[in-house]
Each structure stands twice: as structure tokens, then as C-alpha cells.
Protein chains: 2
Amino acid sequence: MSGIEDVASLAGVSKATVSRALSGRGYVSAETRLKVSDAAASLGYVVSSSASSLVTGRTNNVGVIIPMINQWFFASILEGVERALLDRGYDLMLYNVTKTVEERLRVFEYFLVRKRVDAVIAVTLEITASETERLLALGKPIVGIGGPLAGIPTLSIDDIAAARLATEHLLLLGHRDVMHVGGDIDEQMDFHVHSKRLMGYQEALTAAGVPHDEHSYVAARFDIPGGYRVGKQILGDPRRRPTAIFAASDEVAIGVILAARELGLSVPDDLSVIGIDNHPLADLFGLTTIEQRPDLQGEQAVAWVIRQLEEPGWTPPGEHTMLPSQLIIRSSTAPPRPRTV
Amino acid sequence: MSGIEDVASLAGVSKATVSRALSGRGYVSAETRLKVSDAAASLGYVVSSSASSLVTGRTNNVGVIIPMINQWFFASILEGVERALLDRGYDLMLYNVTKTVEERLRVFEYFLVRKRVDAVIAVTLEITASETERLLALGKPIVGIGGPLAGIPTLSIDDIAAARLATEHLLLLGHRDVMHVGGDIDEQMDFHVHSKRLMGYQEALTAAGVPHDEHSYVAARFDIPGGYRVGKQILGDPRRRPTAIFAASDEVAIGVILAARELGLSVPDDLSVIGIDNHPLADLFGLTTIEQRPDLQGEQAVAWVIRQLEEPGWTPPGEHTMLPSQLIIRSSTAPPRPRTV
DNA sequence: TAGGATTCTGGAAGCGTTTGCAGACGAGGG
DNA sequence: CCCTCGTCTGCAAACGCTTCCAGAATCCTA
């Protein structure tokens, strides 16, 4: 491995000039710049990032804390973040933080603090006050996806509005017996998504004067099998069966659809189903849904974090930014079948 | 941020001793070690990894090149790799390399070379000879998941054997009309998985003396909608319809099952379906499959790479290691329905 | 008790960059 | 014609660690 010294002597200039020529900082004549880059290329020289970081204090790394990878929402965020970071010449350091206490501790106490990252993107991180404090104490830009989260700028869709929109769609079709299959409130891995979607659902019903109680909401594991299991349970009992279900995610919704099919129920004739996400499988199941784009959320988070890095003093607009989401109507929702008296 | 100097003066020792005490290298008395770690803790000191890397030449980073994240197989590998690396105190640098030529170039020419990683794990990387050469030229440990790949150690399941096993299971049940829905040979994102699974299928049929031709194999996009589309196509035509389908992945198999259901066909009464993976959804669909554990493959790759790092000269056993995989029988396969004459 | 081996510690020399400072040079304005 | 200003370059001092080396203290062993 050749160092800057070798390039300097080959190009017939000093190390300082090589550094300036290659980094584009400070004055270098066009002619010298060319000589230097030729020399560097012919030697296959690349700057040592450790040496460079040591003096500049910048690592060109961004740490990403994410609770899981193997799920559409999270994987999409990660893809978006990765793409955006690489585009801007930053590297991505991945920290998959699960529920385990010791793992969380390790990441917070140890990894993030070692001067390895310039900034942090925290994805739906349920975080304690002391952890927030620790992150802020780093003095590094940090943006959360999800939220809101006291003290750090976050972005997400407006979960309440999205849930309201979904529920209103069902109400508008004429449904009066709408159940909500959501995530377990006690088990939300993130910033209260589950309770916010439940809230939006309740708001819509209340506004429309449609009665609802605690039996209108059932918790499910947040994936297809989870939706399936709850779907089987709810739909198996004809007296309990609603005319429409608002599922808190497309995966749950698809599980419900599978359960309905298995019970011989037609969607949407016997049951309307709506979800949230616009998951890649939504189209296959004709699922009406509220779209969100986690990849774009990832890109946005990167943009903010980089902007803070390159323009000190700048801060993201507002504590919690809500991205728009829109209704996509497919074939899983329809007016309720006229009641056979 | 306090430096080693501060810790040294607080503990009343030299920088050298602090370094030794904290890193555990060289002689330090128990008493001094304690003083030093107390001082470090009270100052919130952590070593600067740039400074440390600069002198040791080690970054404690491992680069992971992966073609996609949003798919069970890849996400699982990534989770396995991440967990294993963090456990050993290494950080993970993520490079999501898609098909784009310029992106590949950028990663190979630029990112990996900047002295930022100690080793590389390449996941199902379809790689040119010159790229391989470039990777090897880094002189850094590198392990591939997938393979084989000339010159670098790789690991994967034995795709041919797995496909053979799956096909044999169908043959053993008495099927003679078995089709294969696989990936597009021309589009394989990785180390010839698709052609190897096709080959295993053909081998099994040939060995059993069951005739097969180019019409026995149909290419599908490698996901649920892909399997669904091809399933609709194959199963829609009663004259063409086989009694069993071996799908090259569980996602494709699930798509086929969905198509069959939609056509009013019963699985397994009218059609047996088997896949490969043991995807989380396999259980929900009662899918018989050949299990593989991408997370363990990831962990294994990490183990090899770290061992090479910590024990110079050691190399993984063999060029291409094949992991065992096993048949999991569920309800999607059964003997063919007796022919109604 | 002497002498070597072992344990412990500090000084100082790097590791490979970036950057402040100063000097050199040419151009342009008064 | 002199002075200033903008451009260009090199010297040398960091940046914050690790580690070689040498010296001191302690412990065994003969």
C-alpha cells in the first residue's frame, strides 16, 4: 500500500499539495492537480480514512439503528438509507438492535460512542429518556424515523390520519360494523404506531356517530400469520363477524384475507378489508390500502442528517415531520352486502 | 471529548500504561488496571478508533456486499451476519450492490479499497473475474455466501442435492408428472442457483426414468407474485396441468398455491407443491419444503472471516462448503389422486 | 546471596493524513 | 514603479493512539 509520500515524490510535489489536490480543498493549479491525480492513479493510491479521520474528526460513516431487518417496512427503509448514503459518499454502519437489554446497552454505551460515526439514524426506536440523552450528548446529528420522540427530530407518516382515512373509506362505502385488527399496544416495537392507528380508527367512528367499544379492536402479531390467526378467530363466529376490517398493516390484512377465503367468505362481498402500507403483495391480493414509502422516509432522514453535517447550525424543520400518505383503492373493499332480512 | 492523556494524568500513569490497561495487551498490574479503568469510566473516555486504526492497521469493520435486502433470504443472512459480528466486537459496513454497473464499480473501485474494512463478506455476488481479482488483491479475508466462486471460499446449501431431494419426495409419493417452476436462468442474481436447482430436478427425474423435456420447466420471477403468475398460466390449462410442482423457492411455491386455490384446485388433492427454504410463511400454507438457514450461513461466514483475521494463515476448509438441508413434510404434498379412467 | 527471569512502567517514535503559516510569484491598481 | 492582493506551494505541527525499548522492581532458583 502506497502512502501520500509516494504520490508526492512521484508527482514531484509535497504531501501538502497532494492532499489539497486530491481533496479539492485550497489552491492547486490545474496542472499540478493533474500531475497528482495521475500519480495517484498509477500507484493505486487511496487515502487512509483512519489517518484522515484522525485529523479532521470526521469519519464519513453514518450509524443506523434498526430493530429488525426481515420485514418489508424495515428492509425498505434500510434500502432507501443505504442508497442515499452511498450516493453522497458516506458509508453505512448497521446496528440491528433487538429487544435484548444487553444488546441495547452495548450499542448505546459502546459502539455509538467510539468515535466511529458522524451521525445517527434511529429507526422506530423505542428509547428511554436516558438513552435519548446519551444520544444527544454525542453532539452528533440524529434523526429518527417514526416518532415523535422528545428532543430529536423525527419523521413518519401521520399514523392517526392514515388510520382515520382508512376507516373513513369503509364508512363511506356504507359499513357500520367495522373492526380494527392492530398490533399489540403493549408490544409496540416503536413509537406508538399501534396506539395511534387505533386512535385514528376510533376518531373516524366517533366522528361518524358509529358506536364502537373495546370489542371492536383485536390485537394481532404484526405479520401475515398474525393476521390470519386473528382473522380465523373473528370471522369464524358468524354472530361476531363484522362487514369490514381495518387492519393496521397490509401484512395483517393479507392474513385476514387468507383466513376469510379459507372460511369460504368472499372479499369484498362478505367482508371488506383495508390495510396500511401498500406492501408489494397488496396488488396480488387486490388489497385496498393507505400507501406509505419507507424507502423515501429513509432517503429523507439521510438528507437531513447530511445537511446537518455539512451545514452546521441547520436543523430539520419541526420536531416531528409527517409525510403524506394516500388511499389506493383496489378490490378488497366494497359496499356491504344488502342485509337479508 | 477527553483523550488518553487525560485518563493518564487522572490515573497518575503514562499514556502507554493506559493503552495497555484498557486494551489488555502487555503487562499491567491489577491495581493499576483498576485505577485506569476507573479514571476512564469517570471521564467517559473511549478510544478513538481512527487513532487506533492508524497505528494498528486494523479497523474492526467488516464490509458486507449484498444484492438486495428486502427478501427473506437476504434479510436473514444480514441478520445473522450482524449478530455474529456485533458479538465479536466488529462493526458491519453495509454495501447494497444492485445490478447497476456504476454502483458496482463504485463499491469495488472506491469503497472497499479505502482502508475501511478488515474483511469482506460477499453475498451471492455474481462477480467477474476482474472483480474477483480486485477483491483478492486487497489481501483481506473474504468469504462468499453462495458459490462456488473461483478463488474465494464460499458456502451455501447443496442446491443440486436439495432440488433432487425435493423432486424425489414427489416421485416417491407416486407422481410422474412433475413440473419445475424456477428462476430465470438468464437472470440469476447469484451463483447459478437457478440452474443448479433445475439440474437437481432433472437428475432426479432421469434417475427415476421419468421422461421430461424443456416444457417441464417454467421460469418465474423469484417471489410470490411471480409464482402466482406462472401458476395461473400452467394450471389454467387442464391438459397441461401436472400432478405436482417443485418450486425453486417457497415464495414461488406459495404463489403457485395461491393460483391453484383461485382456480378451485385443492392442494394437495389435485396438486402437490414443494418448495425450498422453509420461509416463515411456509407453515401457514402447509408447505412441504427443504429447509435452509440463511442466518446460520451468515454466522458461519463471519466465523470464517474473523478466524482468518485473528489467526493469520488459517483458511476455510475447501473452496466451497455445502451445508446440509433437510426435508420438512407438511400438508402440501400427497400421493397423486388415482386417475379416473 | 548472587544472578537471571519475570513483571511492571515510562519515554519517545511513529502511524498517514490535514492545515496554519509563511514565502514566492504574477497581475493589477494607484 | 511600488504596493496590495490573489494564487500557489512547502514546511512542520498536530491528530490520538500503540508499541518498541530500556530501566526499575520483584520474584525464583541455585
Side-chain angles (χ1 to χ4, degrees), chain A residues 1-40 43-61 89 91 110 113-118 139 309-310, chain B residues 1-40 43-61 89 110 113-118 309-310:
Chain A
M1 283 291 145
S2 46
I4 200 176
E5 189 78 60
D6 306 309
V7 180
S9 66
L10 180 58
V13 296
S14 71
K15 295 190 306 178
T17 302
V18 173
S19 175
R20 280 187 286 251
L22 259 27
S23 70
R25 278 183 288 257
Y27 294 115
V28 178
S29 73
E31 186 194 7
T32 316
R33 186 183 309 276
L34 196 66
K35 267 192 309 187
V36 170
S37 45
D38 282 353
L43 290 174
Y45 167 81
V46 290
V47 326
S48 152
S49 61
S50 334
S52 171
S53 302
L54 179 55
V55 38
T56 61
R58 305 271 317 270
T59 62
N60 270 274
N61 282 161
D91 286 337
Y110 185 66
V113 187
R114 298 192 340 202
K115 300 117 181 176
R116 306 183 125 283
V117 297
D118 293 337
L309 243 24
E310 303 188 337
Chain B
M1 283 291 143
S2 46
I4 199 176
E5 189 78 60
D6 306 309
V7 180
S9 66
L10 180 59
V13 296
S14 70
K15 295 191 307 177
T17 302
V18 172
S19 176
R20 280 187 289 252
L22 259 26
S23 70
R25 279 182 288 257
Y27 294 114
V28 178
S29 73
E31 184 195 7
T32 315
R33 186 183 310 276
L34 196 66
K35 267 192 310 186
V36 169
S37 45
D38 282 353
L43 290 174
Y45 167 81
V46 291
V47 324
S48 150
S49 62
S50 336
S52 168
S53 303
L54 180 54
V55 38
T56 61
R58 307 270 317 271
T59 63
N60 271 277
N61 283 161
Y110 185 64
V113 187
R114 299 191 342 205
K115 300 119 183 176
R116 306 184 125 283
V117 298
D118 293 338
L309 243 24
E310 303 186 339

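Computed from heavy atoms alone, side chains included, the values below leave out hydrogens, waters and symmetry copies. Every chain is numbered from 1, with letters handed out A, B, ... down the list of sequences. Just so we're clear, the structure is a prediction, and the values are computed from it rather than from any experiment.
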Compare the minimum distances between each of [options] and the side chain of [X], then state the nucleotide with the smallest one.
X     : options                : value
A/L54 : D/dG16, C/dT18, C/dG11 : D/dG16
B/V55 : D/dC17, C/dT18, C/dC8  : D/dC17
A/V47 : C/dT9, C/dT17, D/dG10  : C/dT17
B/T32 : D/dT18, C/dG16, C/dT9  : C/dT9
B/A16 : C/dG11, D/dG10, C/dG16 : C/dG11
A/R20 : C/dG10, D/dG16, C/dG20 : C/dG20
A/Y45 : C/dT17, D/dG10, D/dT18 : C/dT17
A/S14 : D/dT18, C/dT18, D/dC11 : D/dC11
B/K15 : D/dC17, C/dT18, D/dT9  : D/dC17

Tell me: [atom1] of [X] to [atom2] of [N], nearest whole Å?
X     : N      : atom1 : atom2 : result
B/R58 : C/dG16 : CZ    : P     : 16 Å
B/E5  : D/dC17 : CD    : C1'   : 11 Å
B/L43 : D/dG16 : CG    : C1'   : 15 Å
A/D6  : C/dC15 : CG    : C1'   : 14 Å
B/R33 : C/dC8  : CZ    : C1'   : 11 Å
A/E31 : C/dC25 : CD    : P     : 16 Å
A/I4  : D/dA12 : CD1   : C1'   : 14 Å
A/N60 : C/dT17 : CG    : P     : 15 Å

Kindly compute the distance separating OG1 (A/T59) from CG (A/D118), expressed to the nearest 0.5 Å. 3.5 Å

Output the distance between atom OG (B/S2) and atom CG (B/L10), rounded to the nearest 0.5 Å. 9.5 Å

In terms of the nearest nucleotide of DNA chain C, which residue is placed more toward the 5' end: B/V13 or A/T17? B/V13

In sequence, state the C-alpha distance, the side-chain angles, and the governing distance for A/E31 and A/L34, and then conclude on side chain to side chain contact (heavy atoms under 4.5 Å, CB included). CA-CA 5 Å; A/E31 186 194 7; A/L34 196 66; 6.0 Å; no

Under a plain distance cut-off of 3.5 Å, with no hydrogens placed, do B/T17 and B/S14 share a side-chain donor-acceptor pair? yes

Compare side-chain N and O positions of B/Y27 against OP1 and OP2 of C/dC8 and report whether any pair is under 4.0 Å apart.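 No, outside the criterion.
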
Can you tell me if B/S29 touches the phosphate of C/dT9, counting only side-chain N or O atoms and a distance under 4.0 Å to OP1 or OP2?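 Checking B/S29 against C/dT9: at least one side-chain N or O falls below 4.0 Å of OP1 or OP2.
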
Could you check B/L22, B/V18, B/V28 and say which one makes a side-chain contact (heavy atoms from CB on, under 4.5 Å) with B/R33?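 Result: among B/L22, B/V18, B/V28, B/V28 is the only option passing the side-chain contact (heavy atoms from CB on, under 4.5 Å) with B/R33.
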
Using a heavy-atom cut-off of 4.0 Å across all strands, would you classify [X] as base, sugar-phosphate, or nothing?
X     : value
A/S49 : nothing
A/R25 : sugar-phosphate
B/S19 : base

Could you check whether any side-chain N or O of B/D38 sits under 3.5 Å from a backbone N or O of B/K35, counting only pairs where one atom can act as donor and the other as acceptor? no

